[in-house]
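Got a structure for you, written out below as structure tokens; questions coming shortly.
Owing to the predicted nature of the structure, the values given are computational and were not obtained by experimental measurement.
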Amino acid sequence: MFKRLATAAVTAVLIAGLGACGNGGDVRDEGANHSAGVGQDSGNAAGERRPDTAAPADTSVFGLRDEIRHRAALTTRAKRPHMTKKCTTATRRVKHTTSTGSGSKRRTRTWYSTEHSKSCKQVRSGTETYTRVVRREQWCVSLDDVSGDKNKDDVWYQVSRTTYDAAIGTDEHARMDFTPKHTGC
């Protein structure tokens, strides 16, 4: 078990290093002539989708690897209000007194000082342009014969980068066993 996991980790690191020179767009693979082991992955990285499509945390799936797909992050330029901090200062005259003695010999000394205060709040000041992420980067794997059911083909799962890299190193129709982040892609 440990040897298989170690082999999968080494393969994933090598593939990630070699895959860094890719073209960056949507990449789709119909099959590869490589062979490597596939490890388990919990897939807690960023890029999560709506909770209604999330796969339960402890549900792993298995089947025959069909296709893999990398979907690059999709961004657009957008505008939002530009908020700035506006501060106002205020001064207040404060009266201080001190007393000594008692009865008819009581003496009171009074003096004044100025207390400075500063109050700040966020106010809108025009607009600013920023890069809005429309779709986060996604790594997907399609399986045939999911959970041994011959009628369950072409089921897409969104997976972590590690699982995706391991899938690149396997042959088409090789058995894969992993924990998906989400169903669909």
Any donor-acceptor pair under 3.5 Å linking the side-chain atoms of T131 with those of R77? yes
Would H116 and T89 count as a side chain to side chain contact (heavy atoms under 4.5 Å, CB included) if you check the C-alpha gap in whole Å, the side-chain angles of each, and the deciding distance to 0.1 Å? CA-CA 7 Å; H116 299 276; T89 57; over 6 Å; no
Determine whether R65 and E172 satisfy the following criterion, side chain to side chain contact (heavy atoms under 4.5 Å, CB included), listing intermediate values before the conclusion. CA-CA 6 Å; R65 177 194 169 263; E172 188 172 356; 3.7 Å; yes
Rounded at 0.5 Å granularity, tell me how far NE2 in H70 sits from CZ in R161. 6.0 Å
Donor-acceptor contact present, side-chain D66 to main-chain L143, <3.5 Å: no
If I take atom SG from residue C140 and atom OH from residue Y157, how far apart are they, to the nearest 0.5 angstrom? 12.5 Å
What verdict does the side chain to side chain contact (heavy atoms under 4.5 Å, CB included) test give for T127 and H82, after you've listed the backbone C-alpha separation in whole Å, the side-chain angles of each residue and the deciding distance to 0.1 Å? CA-CA 5 Å; T127 59; H82 178 71; 5.7 Å; no
Verify the distance criterion only: is there a donor paired with an acceptor across the side chains of H182 and Q158 at less than 3.5 Å?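 Distance-only check fails for H182 and Q158.
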Out of curiosity, K121 NZ to M83 CE, how far, rounded to the nearest 0.5 Å?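 K121 NZ to M83 CE: 10.5 Å, rounded to 0.5 Å.
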Spacing of CG belonging to D154 relative to CH2 belonging to W156, to within rounding of 0.5 Å: 8.0 Å
Mind checking the CZ-CG spacing from R175 to D144? Nearest 0.5 Å is all I need.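 Separation between the atoms: 13.5 Å.
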Should S142 and R69 be marked as a side chain to side chain contact (heavy atoms under 4.5 Å, CB included) after you check the CA-CA gap, both sets of side-chain angles, and the distance that decides it? CA-CA 8 Å; S142 171; R69 179 185 299 157; over 6 Å; no
Using a 3.5 Å distance criterion without hydrogens, assess whether the side chain of R93 forms a donor-acceptor pair with backbone atoms of Y112.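 Checked: no pair found.
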Can you tell me if R109 uses its side chain to pair, donor with acceptor, with the backbone of H96 under 3.5 Å? no
Rounded to the nearest 0.5 Å, what's the gap from OG1 on T75 to CZ on R132? Could you check? 10.0 Å
